[in-house]
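One structure is given here, and the rest of the page talks about it.
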Number of protein chains: 2
Amino acid sequence: MAVSSRSGPVRSEAARQAILQAAIEMLAERGYDHLAIEGIASRAGVGKQTIYRWWKSKSAIIAEALLEGMILGERLEVPDTGDVRRDLTTWLHAVGEVLLSSQGEGLVRSLIAAATDNADVGQRLRDAIAGSGSGALSTRLAAAIGSEPHLPEGAPIDDIAEALVGALLLRALSRSPLDDHAIAALVAVAVGPPRA
Amino acid sequence: MAVSSRSGPVRSEAARQAILQAAIEMLAERGYDHLAIEGIASRAGVGKQTIYRWWKSKSAIIAEALLEGMILGERLEVPDTGDVRRDLTTWLHAVGEVLLSSQGEGLVRSLIAAATDNADVGQRLRDAIAGSGSGALSTRLAAAIGSEPHLPEGAPIDDIAEALVGALLLRALSRSPLDDHAIAALVAVAVGPPRA
């Protein structure tokens, strides 16, 4: 949905969308290190000044695209079948497919690189993976309070969610696969060892 | 310990050390994004070709410095007083001081940025924080097997250690403080909720 520079003046919202879309495409194609404001402007059909009027850096553009769900959006909801171990296993398989696939892995590393520039990206990356509201990892863990010895009243739900997301990012950084064994171990980290 | 370029030919090991040292200093001073082979060569008093003979990228130099303990070395041993909750709390305070101090935070973000370029750096960053052998996080958790309901025989020690390290990196990325509350929560993630 690039806006042609020959189509005349565009409305701000269309330009904003075109810029975000161009940034996402180029992030996926070439990675964060090789992403440049000039290239984004050219693909979006806007001038560099237009971008600098709204964002102060490339990482700020990525943060906004993450916030709007244009990257990693809507694919990572945790199901709730009543069986928290099964639900986390299902979710981790889905996360593994999105984040640690050969394509997604490069994207996630690019997002992590953007996060090292910009704390907003770090927070939004965490939120994009762990979510908020219904379907979020914390919400699912909260619903399981009392059902497992490791999840008593007052268990540190948000920190468990953060540790899981951190472990996933560390796997993306070290190119470790998220196989069945790793998934079972992460479930045990979150809700305690399987009952004998 | 820069080697002067006017001192004539230097022995390989001295040059290697000078290059690693220059890379570490410049990483701390300006961050990973602004680190350049040319600048490292100049500070170390060697030619760019000398660097490219041994390393194929700046991230490979950082990986080697991490491996040799020249970055994050020897400061993160987990004590063993017999009380795993107290030991993890002590360790997390020490880690917080090193990693999430205003200086260390920038360094850790730089290391994470290097890791997005180079999986070796990711693995070595994890090893530098979680350690190996005696004093390592996994070793300390393994010694606590059987002492907590959350750490039965067969508990996924390495994955618990990885989740903790991941949570710490995520905090560095999002500039979240590692305060007493966060430390207590991470201890609960690792070894289960405090006993009533």
Side-chain angles (χ1 to χ4, degrees), chain A residues 31-33 105-106 108-127 129-130 149-176 181-190 192-196, chain B residues 31-33 105-106 108-127 129-130 149-176 181-194 196:
Chain A
Y32 182 72
D33 273 0
E105 192 189 54
V108 169
R109 282 203 308 276
S110 282
L111 291 171
I112 296 172
T116 64
D117 270 356
N118 184 330
D120 263 6
V121 176
Q123 285 173 335
R124 286 170 188 176
L125 180 57
R126 181 179 58 192
D127 292 345
I129 297 173
H150 184 52
L151 293 174
E153 202 62 49
I157 294 300
D158 290 337
D159 300 273
I160 293 171
E162 185 164 283
L164 280 194
V165 172
L168 293 169
L169 295 185
L170 198 50
R171 278 187 174 261
L173 283 182
S174 57
R175 275 57 149 196
S176 308
H181 178 264
I183 287 175
L186 286 176
V187 172
V189 171
R195 296 186 222 195
Chain B
Y32 182 72
D33 273 359
E105 193 188 55
V108 169
R109 282 203 307 276
S110 282
L111 291 172
I112 295 171
T116 64
D117 270 358
N118 185 328
D120 263 7
V121 176
Q123 284 173 335
R124 286 169 188 178
L125 180 56
R126 181 180 58 193
D127 292 346
I129 297 173
H150 186 50
L151 293 175
E153 203 61 50
I157 293 301
D158 290 337
D159 300 272
I160 294 171
E162 184 164 282
L164 281 194
V165 172
L168 293 169
L169 295 184
L170 198 51
R171 280 188 172 261
L173 283 182
S174 58
R175 273 68 147 188
S176 307
H181 178 266
I183 287 175
L186 285 177
V187 171
V189 170
V191 301

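We name chains A, B, ... by the order of the sequence lines, and we start the count at 1 in each one.
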**Prompt:** Which region of A:D158, side chain (C-beta onward) or backbone (N, CA, C, O), has a non-hydrogen atom less than 4.5 Å from a non-hydrogen atom of chain B, or is it both or neither?
**Reply:** neither
**Side-chain donor/acceptor of B:S110 to backbone N/O of B:Y32, under 3.5 Å** = yes
**Request:** Below 4.5 Å from any heavy atom of chain A, which atoms of B:A185 appear? Answer side chain, backbone, both or neither.
**Result:** both
**Request:** May I ask you to name which of B:P193, B:A182, B:A184 has the most heavy-atom pairs under 4.5 Å with chain A?
**Result:** B:P193
**Message:** Give the interface residues of residues 165-173 of chain A toward chain B, defined by a heavy-atom separation under 4.5 Å.
**Reply:** A:V165, A:G166, A:A167, A:L169, A:L170, A:R171, A:L173
**Separation between CD1 of A:I160 and CG of A:L151, rounded to the nearest 0.5 Å** = 5.5 Å
**Heavy-atom pairs under 4.5 Å with chain A, option from B:R126, B:H150, B:R109 with the top count** = B:H150
**Prompt:** Among B:G192, B:A188, B:A163, who wins on heavy-atom pairs under 4.5 Å with chain A?
**Reply:** B:A163
**Request:** Report the distance from atom CG of A:N118 to atom CZ of B:R175, rounding to the nearest 0.5 Å.
**Result:** 7.0 Å
**Message:** Do B:V108 and A:T116 have side chains that approach each other closer than 4.5 Å (heavy atoms only, starting at C-beta)?
**Reply:** no
**Message:** How close do A:V189 and B:P156 get, counting heavy atoms only, and between which atoms?
**Reply:** CG2-CG, 4.4 Å
**Prompt:** If you count heavy-atom pairs under 4.5 Å between each of B:G154, B:A115, B:G122 and chain A, which one has the most?
**Reply:** B:A115
**Asked** By a 4.5 Å heavy-atom criterion (distance strictly below it), what part of A:S176 contacts chain B: side chain, backbone, both, or neither?
**Response** side chain
**Prompt:** A:D159: what forms a side chain to side chain donor-acceptor pair (under 3.5 Å) with it, not counting sequence neighbours?
**Reply:** none
**Request:** Among A:I112, A:L186, A:V121, A:L125, single out the residue with the greatest number of heavy-atom pairs under 4.5 Å to chain B.
**Result:** A:I112
